[in-house]
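Some notes on the structure that comes next.
Proteins come first, then strands; the chains are lettered A, B, ... in the order of their sequence lines, and each starts at number 1.
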Protein chains: 2
Amino acid sequence: MSDLPAQPSSEMPKDGEDFCCDLPHDHSADSTQRLQQPPLSSEKAQRMAEFLGFLADPNRLRILSILAKQEMCVGDLATAVDMNESAVSHQLRTLRTIRLVSSRKQGRHVFYRLQDDHVFAFYQAVVEHLDEPDT
Amino acid sequence: MSDLPAQPSSEMPKDGEDFCCDLPHDHSADSTQRLQQPPLSSEKAQRMAEFLGFLADPNRLRILSILAKQEMCVGDLATAVDMNESAVSHQLRTLRTIRLVSSRKQGRHVFYRLQDDHVFAFYQAVVEHLDEPDT
DNA sequence: CCAATACATGAATCACTGTTCATATATTAA
DNA sequence: TTAATATATGAACAGTGATTCATGTATTGG
């Protein structure tokens, strides 16, 4: 009974319950074992989603792709990605808040760069992973 | 002049232009070279952002984390992630649309699983990358 | 056939997020 | 100091997206 493709937790609810998984049968140890130990804690899923959400913006990605190659000041970034300087500044603030980039002030300019190598590595990994697949 | 930390494209606009990068000086070949070749094409950035956006949801991540270990039917998934069955169904539709999961019908049940190994590999990569860092 | 179960789906709602606009701060030049 | 440049930031607006509710479809049992 453990080599079947998969079984819904239960087929026939006995009580007035809505969910099918409420009576003891093959649930003893196997099929629900991996179900019982929470798959991905809600908090962790939350943090992962947040982080991914920060990457899930075309303009932020383009900004990061530039900073992955060189540091650059806000105005030039705005020109490079063809965005409003204000919009870029907002995005940079976001990226700064989550420690993806750091800044260095020089005169009237503020130069941004990737915070550390881990960010670069992760960015590269994402790019490479998403380069080949389907679309 | 090419070993300096970084230079804004231009310091003093001569025309009435708004952007600083509009006159020829050291722009000949070096500093704007990497700027000229678009860093990440808008379309590619768009697609990357879309894909990452699909991953950037706690509930979808938890669903994927379960399906990364075993296939499961909708009702059980709903129980496992403590969500409305309808909500799960909606999310699964999304995941199905972008080919992250596939489904198999068996009687009244529909079992979902990760579409292919690449999806699993990418999911794992993300999890691992986001496991150590800062937070 | 009829009822119940399992899932799907459309519409409405609510929250979030990115951009823009206006404005504020800081730095340099004159 | 005054003007101009470079960036930051708050508020408002618009678009997007996830959940819920109601309902529709398919499958099984009686």
Check the angle between the aromatic planes of B:F122 and B:H118 and answer parallel, tilted or perpendicular using the 30° and 60° thresholds.
parallel
Grab the [atom1]-[atom2] distance between [X] and [N] for me, whole Å please.
{"X": "B:H109", "N": "C:dA8", "atom1": "NE2", "atom2": "P", "answer": "12 Å"}
{"X": "B:E85", "N": "D:dA22", "atom1": "CD", "atom2": "P", "answer": "16 Å"}
{"X": "A:L55", "N": "C:dT17", "atom1": "CG", "atom2": "C1'", "answer": "15 Å"}
{"X": "A:D76", "N": "D:dT5", "atom1": "CG", "atom2": "P", "answer": "15 Å"}
{"X": "A:E50", "N": "C:dC16", "atom1": "CD", "atom2": "C1'", "answer": "12 Å"}
{"X": "A:L77", "N": "D:dA8", "atom1": "CG", "atom2": "C1'", "answer": "15 Å"}
{"X": "B:I63", "N": "C:dC7", "atom1": "CD1", "atom2": "P", "answer": "13 Å"}

Can a donor-acceptor pair be found between the side chains of B:Q91 and B:R60 at a distance below 3.5 Å?
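Distance-only check passes for B:Q91 and B:R60.
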From [atom1] ([X]) to [atom2] ([Y]), nearest 0.5 Å:
{"X": "B:Q46", "Y": "A:L61", "atom1": "CD", "atom2": "CG", "result": "9.5 Å"}
{"X": "B:L95", "Y": "B:S103", "atom1": "CG", "atom2": "OG", "result": "11.5 Å"}
{"X": "B:C73", "Y": "B:Q106", "atom1": "SG", "atom2": "CD", "result": "9.0 Å"}

Short side-chain to backbone donor-acceptor contact, [X] and [Y], under 3.5 Å:
{"X": "A:R62", "Y": "B:L40", "value": "yes"}
{"X": "B:D116", "Y": "B:V119", "value": "yes"}
{"X": "B:S89", "Y": "B:S86", "value": "no"}

If the cut-off is 4.0 Å, is A:Y112 near the phosphate of D:dA8, judged by side-chain N/O to OP1 or OP2?
yes
Above 12 or not: heavy atoms from other molecules or residues under 6.0 Å from CZ of B:R113?
no
Sugar-phosphate or base contact per nucleotide [nucleotides 22-30 of chain C; S, B, -; heavy atom under 4.0 Å]
B---SBS--
Measure from the side-chain heavy atoms of A:R93 and tell me the nearest of D:dT7, D:dG10, C:dA8.
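Selected nucleotide (nearest to the side chain): D:dG10.
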List, with names and distances, any nitrogen or oxygen atoms from the protein found under 3.5 Å away from nitrogen or oxygen atoms belonging to nucleotides 16-19 of chain D.
{"from": "D:dA18", "atom 1": "OP1", "to": "B:R60", "atom 2": "NH1", "distance (Å)": "3.0"}
{"from": "D:dA18", "atom 1": "OP1", "to": "B:R60", "atom 2": "NH2", "distance (Å)": "2.5"}
{"from": "D:dT19", "atom 1": "OP1", "to": "B:N59", "atom 2": "ND2", "distance (Å)": "2.2"}
{"from": "D:dT19", "atom 1": "OP2", "to": "B:Q91", "atom 2": "NE2", "distance (Å)": "2.6"}

